[in-house]
Amino acid sequence: MLASNTHPPATGTDSKAHAEAQLQLLREYLTGFELAHFSSSLQLIRQMPLAPGQALELEAFQILAQSLHDDAPPNELLLRAKSVQMQAQSENFPMAQAAAWRALQWVQTRMRLYHAALDSVARAGELYQRCGQDALAVQMRAIRCTVLFSSEMYVELRQNCAELLGHPDGLAAPVRALLLNYSASAAYYLAIEEDDEDSAAPHWDDCLALRQQALALACAEGLHYHEGLALLNLAVVTATLGRAAESREYLRQFHRRVEPEHVQPYWVLGLRLCEVLLGCVELPREQAWRTLLAFDAELALEPPHSIGSREIVSHTIRRYGRQWGYLEQTLQACISQVRVERRHKREIANALGETINAVMERPHLQHENAQLAQHGTALENSLAQRNIELSNALCKVQAEVSVRQAAEAALRRAHDELEEQVRARTGELELAMRSLMQQEKQLGMSRMVVGMAHEMNTPLGNARVAASAIAEQGVELQRNLAGGTLKRSQLQALLSHVADGGALLERAISQISALVERFKGLSSHPEQEACGRFDMAELLRMCQGHWQPLMGPQSVRMRLELPEELWLSGYGNGCRQVFQQLFENSIYHGFKGRTGGEIVVAASRVGEELLIEWADDGNGIAAEHLGKVFEPFFTTQLGQSGAGLGLASVHSLVVDMMKGSVAIASAPGEGARVLLRLPVAGGGVELV
């Protein structure tokens, strides 16, 4: 069945689908011997637009096709197939990888690396199974029979064929025909290995029955290749058994059904073998014997694929030599056959060693291969075990290489993805930070404007009322003077109103001036006050005396924990403002709505820092407000008391002016604790 004649060429969007259909036909029918019929299909697929995975799979099938040519260098094909397999694995193309393993299997079989070939076909089957291609997975088990036959593992071959043929529903017709032929061939070679005719008889019966089944299946399914193969094999089997009439009938059917141009090159050898076997029955003894020996000598010069024919000829020589009395020539033919077998095994060893050295770069095997070449007899006993060991080593190295390549590819992908995510997250974070800073700035400005407007509105309103009252009194005075009706009592009343308005105006202006000064305190700088030497302990005691009248009505006590003296060089007025703001914060906020309480102020020197702790047991600060208390105009009592500048002024004076730090800790109902740190080195304070 030619794949190129199955569908018409496709164009446009259907081309890739058509290429996939052509590849699927190759996968299903490419059991090996049919490959010669697919050259046109391979050429057709090469002209189609292919996806990367399809292109790799096609390359693997092309390597497989080249492996069937005797003049193709096997080492080069092996390296190419391995390269395709590794590329397909790294790029995660499982169907292409399976095709590469199939190509490796055929090249390895040709190089007589049978254990490696069995492993390759098993890997291809596993990949097809993983891809849901169950029919192809079963087909790989059938192709395994090719390796078993080439390696002369006839018992295992029969078992494998019987197991697969036990479930024929899952097998395509060409695969079933292939299994029947392989099982029959295994029975044939097991029969000729038996010297006793009674022991060989069951094998001959199985061989003939299986050949007949293969022929019937090929005729029913229109499998012309398998039909010709079955007829030729039946002719050889019956000729081997001495049934000349049956053999001639099968040959007649072969030539009638198979056109000369469709005869495969390796079938020509089978036809000649059949004629030689028939000559042993039909020709005179002397002539038949000479023909048999001449054909045996000719086979000794043929390529390795004639080994099966040599075994058949050797069996025929032993059979007829004993029967016709040519014992000496029979012995010589057997000795020659043993030499050929030994040379065959040495060639297997040499091919195995050269391949492992070239592909896997295992230099230490060179010495072992040299020893194997020098000890041909010992090789016959140890070759099977050595093949197993080398196959395991090859599988292990291949697995390690595959795992490392997969890990490196995964690591590269993960690294690239991580870098991309970091770049994206960094950009998002920068954008969010800029947006947040802008929002915070706008929020601070809004709060500042609202606070200043609220605090200024009251004194400005009072000033406006006072000015308006004075202006009205002036107008009334002018009117009375102009009318000559001004009385002394009226003048005194007017003067009294003017004096009251002036006093109100002065108080309003004083309040505004005080607010401006407090606002200016938010940006205090060292140059606003000269650094001087003063006693911090004495300053706190003096402040306590000034605050005493304000603490009495609320029953608040103040306790100072101070050394006798604490002299330092710093900003005394700035420190006084800081303590004043802390005191007002405790009195007006900490103890608001309650009577009784205590303020504790402690000062000490720790290393190169002056630590001042201001603590009260008042109302405390809510957790959601704790992070905003140092912001200008932040207050929870807007419109009730305070402008929200107290703790903001403390922060500005301590941090900006004195180069220190301020921290606050509080919890609702547990009071507040403010810790001031005034550094000596590089700051605005120096202990003396």
Side-chain angles (χ1 to χ4, degrees), residues 149 151-155 184-208 232-248 250-251 268-348 375-381 383-384:
F149 178 77
S151 61
E152 303 176 21
M153 300 172 66
Y154 301 126
V155 176
S185 296
Y188 181 93
Y189 285 105
L190 288 173
I192 64 176
E193 289 177 358
E194 299 286 349
D195 290 330
D196 182 47
E197 293 185 0
D198 293 336
S199 301
H203 295 303
W204 288 121
D205 293 340
D206 289 345
C207 177
L208 285 170
L232 178 59
N233 284 329
L234 281 168
V236 172
V237 173
T238 51
T240 305
L241 294 174
R243 304 175 185 177
E246 293 183 32
S247 180
R248 288 296 180 185
Y250 286 126
L251 286 176
V268 176
L269 182 62
L271 291 171
R272 292 192 57 203
L273 172 63
C274 189
E275 291 294 338
V276 171
L277 295 176
L278 288 173
C280 294
V281 180
E282 299 172 340
L283 297 176
R285 179 181 303 179
E286 291 290 339
Q287 181 181 354
W289 183 250
R290 288 195 303 271
T291 303
L292 185 61
L293 293 180
F295 189 59
D296 180 61
E298 181 182 345
L299 289 177
L301 305 176
E302 289 290 329
H305 59 68
S306 66
I307 292 175
S309 299
R310 289 217 65 191
E311 291 184 9
I312 299 172
V313 172
S314 177
H315 166 266
T316 306
I317 291 174
R318 292 195 304 271
R319 174 186 174 187
Y320 288 106
R322 288 194 298 265
Q323 181 178 340
W324 294 341
Y326 298 113
L327 299 181
E328 180 67 24
Q329 292 173 309
T330 301
L331 178 61
Q332 292 298 325
C334 292
I335 293 173
S336 175
Q337 180 69 16
V338 170
R339 291 197 190 100
V340 172
E341 290 293 331
R342 294 184 64 184
R343 186 177 73 248
H344 172 52
K345 294 183 182 299
R346 288 193 183 96
E347 290 173 355
I348 293 177
H375 300 84
T377 303
L379 176 63
E380 295 178 6
N381 300 323
L383 180 59

Taking side chain to side chain contact (heavy atoms under 4.5 Å, CB included) as the definition, give me every residue that meets it alongside Ala297, ordered by chain and number, with sequence neighbours left out. none

Test side-chain contact (heavy atoms from CB on, under 4.5 Å) applied to Trp289 and Leu283, step by step: CA-CA 9 Å; Trp289 183 250; Leu283 297 176; over 6 Å; no

Using side-chain heavy atoms (C-beta onward) and a distance below 4.5 Å, is Leu208 in contact with Leu241? yes

From Gln287 atom CD to Cys280 atom SG, the distance as rounded to the nearest 0.5 Å: 11.0 Å

Can you sort out the partners of Phe295 under ring-ring contact (aromatic ring centres under 6.0 Å, His included), two or more places apart, ordered by chain and number? none

Might you point out which heavy atoms bring Leu278 and Ala244 nearest each other, and give the distance in Å? CD2-CA, 3.7 Å

Least distance between heavy atoms, Ala191 atom then Trp204 atom: CB-CE2, 3.5 Å

Please examine the side chains of Tyr188 and Val236, heavy atoms only from C-beta on, and report whether any two atoms are closer than 4.5 Å. yes

The test is side-chain contact (heavy atoms from CB on, under 4.5 Å); show your working for His203 and Glu193 and say whether it passes. CA-CA 10 Å; His203 295 303; Glu193 289 177 358; over 6 Å; no

Separation between OH (Tyr326) and CD (Glu286), nearest 0.5 Å, reads 3.0 Å

Closest heavy-atom contact between Glu246 and Thr238? OE1-CG2, 3.6 Å

Please report the shortest heavy-atom distance between Ala187 and Asp206, naming the atom on each side. CB-CB, 4.3 Å

Look up atom CZ in Arg290 and atom CZ in Arg285, then write down how far apart they are to the nearest 0.5 Å. 13.0 Å

Leu292 side chain reached by Thr316 side chain, heavy atoms, under 4.5 Å: yes

With side-chain contact (heavy atoms from CB on, under 4.5 Å) as the test, would you mind laying out the steps for Leu299 and Leu269 before giving the verdict? CA-CA 10 Å; Leu299 289 177; Leu269 182 62; 3.7 Å; yes

List the steps, then state whether side-chain contact (heavy atoms from CB on, under 4.5 Å) holds for Leu251 with Leu271. CA-CA 8 Å; Leu251 286 176; Leu271 291 171; 3.9 Å; yes

Rounded distance [0.5 Å steps], CD1 in Ile317 versus CZ in Arg322: 12.0 Å

Can a donor-acceptor pair be found between the side chains of Ser247 and Arg243 at a distance below 3.5 Å? no

If I compare all heavy atoms of Thr240 with all of Ile312, which pair ends up nearest, and what's the gap? OG1-CG2, 4.4 Å

Identify the heavy atoms of Pro202 and Ser199 that sit nearest to each other, and give their distance. CD-O, 3.4 Å

